[in-house]
There are 2 protein chains.
Amino acid sequence: MAAESDEPARRRLSRAEAKARTRALLLDAAARVFARKGFTGASVEEIAETAGFSIGALYSNFGGKEALFLELLSHRQTDRIAEAAQTLDRYEPGTGEAAAELGRLLLDVADKDIDFAPLQAEFWLYAVRNPDVLDAMAANLRAPRQALEGVISTSLAQQGAPAEVSAEAVATVVAALFGGLVRQRRIDPASVPEELFGQALKWLFAGINAGTTPAATESE
Amino acid sequence: MAAESDEPARRRLSRAEAKARTRALLLDAAARVFARKGFTGASVEEIAETAGFSIGALYSNFGGKEALFLELLSHRQTDRIAEAAQTLDRYEPGTGEAAAELGRLLLDVADKDIDFAPLQAEFWLYAVRNPDVLDAMAANLRAPRQALEGVISTSLAQQGAPAEVSAEAVATVVAALFGGLVRQRRIDPASVPEELFGQALKWLFAGINAGTTPAATESE
DNA sequence: GTCTATATGCCGATAGAC
DNA sequence: GTCTATCGGCATATAGAC
């Protein structure tokens, strides 16, 4: 009673802050449960319990299971690709330092953040099966991809790469390779050693700078 | 009655052949439904109906939904990676012909065989979530990967690549890139043009042959 | 705003007819 | 060997107490 009327927005939590906290906890729990059980396999009961709330609280804060999932898909695309972009920005692509850092990042995503890749796969499957959200998914992937494109673009210029090499194309290749290697490492870790991602990027950038194209007939 | 006792195994279908045909039809239907609805989302009723049979026929031929799925996961891994290996075997990697053929293959898998990538994603998710089948999944991926490794190995030797370049590593990179690009194309087709896969392989092989490594300090 | 209790529907699996 | 009918269980979503 005492701390109710004289402290308008601080002192413990305001009602709005409490609600925001509940929402955040539910979103965290949802991310974990969706990653572990899949969208269809996850139950709202387990999500609510994991967050420490009841089913009623979930429905009070979100429209339902699908709304919760779509909120994650749209606003929780932290995408570790952005981290790769930052790493490539700090170190020069094609160097040993960048390769070592990217290897660390790959292991981090594949081995430590065990919910990341499965949740991403769930997002992808949902988008492929529901054309309505396909655009949202594409938009979410575009942001980190452009960050990657930016650092690659300046790097290509510095290294004197042929002008017709598109930074967007290289960024797409790097991102696809990253995702593919993360997934392969989850299935067969021995086949994807720590250095592989960095090594592949060394090859890639060396090949780009090696000339317009190895078969110099007139391919493009 | 007439065609029963005097034609032991031909004339229409024998009982064993009929059963084999039912199994095959159920497996085909299961692959489609699992790809479109996911493992949890798919119902045995829809699978049976898609195949043109009843729920009872499904249970008579398979242990249940999970057994059906695991049979697909283990024996239906046609894996288009093997096709990529064949293509690289016919044409020289790094050439324009190989690049064109691989571009065609990528579009074929991504655009035409619309159930392939989602089903593969379902397999991957199931394996990641069920450690018991993780080994089976790894084994299935290993076969086509080794086919790819074989053609890459001879190709590297012909092109005079540094001896310390591991064909297994290159094969893993190629396979991961292929899978990653297929997925990206399903989300944002414009970002993955037909030539991209072949172009990336040209860069990759050019980089491998460019020397031990661009940063020739003493990285490996 | 959060909880408990419940209504309604669907799914996997089985039993028994043919 | 295949089909129809059904049982038991669990999930989503809601209604009403606090």
Side-chain angles (χ1 to χ4, degrees), chain A residues 1 3-5 8-9 11-30 32-34 36-72 122 126 129-130, chain B residues 1 3-4 8-9 11-30 32-34 36-73 122 126 129-130:
Chain A
M1 294 178 195
E4 174 65 281
S5 54
R11 193 84 223 134
R12 288 283 182 234
L13 256 50
S14 79
R15 6 274 167 285
E17 282 171 335
K19 175 155 182 162
R21 183 176 159 278
T22 302
R23 278 182 59 97
L25 287 172
L26 280 168
L27 284 168
D28 282 348
R32 254 182 307 172
V33 178
F34 281 136
R36 303 221 235 260
K37 304 288 181 72
F39 172 68
T40 321
S43 72
V44 291
E45 185 182 14
E46 185 176 357
I47 293 172
E49 275 179 7
T50 300
F53 293 94
S54 65
I55 299 179
L58 189 154
Y59 277 93
S60 164
N61 283 280
F62 297 93
K65 187 164 98 159
E66 195 165 21
L68 193 48
F69 185 77
L70 291 177
E71 178 113 352
L72 283 175
E122 288 291 333
Y126 191 92
R129 289 168 183 156
N130 301 81
Chain B
M1 290 177 196
E4 174 67 280
R11 193 84 223 133
R12 288 286 182 231
L13 256 51
S14 77
R15 8 272 169 287
E17 282 171 336
K19 175 154 182 164
R21 183 177 158 278
T22 302
R23 277 183 60 97
L25 287 172
L26 281 168
L27 284 168
D28 282 348
R32 254 182 305 171
V33 178
F34 281 136
R36 305 222 235 261
K37 303 289 180 71
F39 172 68
T40 322
S43 72
V44 291
E45 185 182 12
E46 185 175 358
I47 294 172
E49 274 178 9
T50 300
F53 294 93
S54 64
I55 299 178
L58 189 155
Y59 277 93
S60 163
N61 283 280
F62 297 94
K65 186 163 99 159
E66 195 166 20
L68 194 49
F69 185 77
L70 291 177
E71 178 113 351
L72 283 175
L73 187 149
E122 288 291 332
Y126 190 93
R129 288 167 184 158
N130 300 81

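Lettering of chains follows the sequences in order, A, B, ..., and the numbering in each one begins at 1. This structure is a prediction, so every number in the text was calculated from the model and none was measured. Computed from heavy atoms alone, side chains included, the values below leave out hydrogens, waters and symmetry copies.
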>> Protein within reach of the bases, or only the backbone? For nucleotides 10-18 of chain D, mark each nucleotide 5' to 3' as B, S or -, using heavy atoms under 4.0 Å.
In response: -SSBB----
> Roughly how far, to the nearest 0.5 Å, is the CZ atom of R21(B) from the NZ atom of K19(B)?
Replying inline: 14.5 Å
>> Just the rounded figure in Å: distance from P of dT2(D) to NZ of K19(B).
In response: 7 Å
>> Going by the rule salt bridge (Lys or Arg N to Asp or Glu O under 4.0 Å), which residues pair with R36(A) if we only count those two or more places apart in sequence or in a different chain?
In response: D115(A)
>> Nearest whole Å is fine: how far is dC10(C) P from K37(B) NZ?
In response: 13 Å
> Between atom CD in E46(B) and atom C1' in dG12(C), what is the gap in whole Å?
Replying inline: 15 Å
>> E71(A): which residues meet the salt bridge (Lys or Arg N to Asp or Glu O under 4.0 Å) condition with it, sequence neighbours left out?
In response: R23(A)
> Does R129(A) have any salt bridge (Lys or Arg N to Asp or Glu O under 4.0 Å) partners at least two apart in sequence or in another chain, and if so, which?
Replying inline: E122(B)
> Rounding to a whole Å, what distance do you find between F53(B):CZ and dT4(D):P?
Replying inline: 13 Å
> When the distance from CD of E49(B) to P of dC10(C) is rounded to whole Å, what number comes out?
Replying inline: 14 Å
> Between L58(A) (CG) and dC3(C) (C1'), how many Å, whole number?
Replying inline: 13 Å
> Under 4.0 Å between a side-chain N or O of T22(B) and OP1 or OP2 of dT2(D)?
Replying inline: yes
> Mind checking what makes salt bridge (Lys or Arg N to Asp or Glu O under 4.0 Å) contact with E66(A), not counting sequence neighbours?
Replying inline: none
> Roughly how many Å is it from CG in L25(B) to C1' in dG1(D), rounded to a whole number?
Replying inline: 14 Å
>> Measuring from the side chain of S54(A) (C-beta onward, heavy atoms only), which nucleotide among dT4(D), dT2(C), dC3(C) has the closest atom?
In response: dC3(C)
Expected list for residues 46-59 of chain A: side-chain donor-acceptor pairs under 3.5 angstrom, two or more places apart:
unit_1	atom_1	unit_2	atom_2	d
E46(A)	OE1	K37(A)	NZ	2.8
E46(A)	OE2	K37(A)	NZ	3.1
T50(A)	OG1	E46(A)	O	2.7

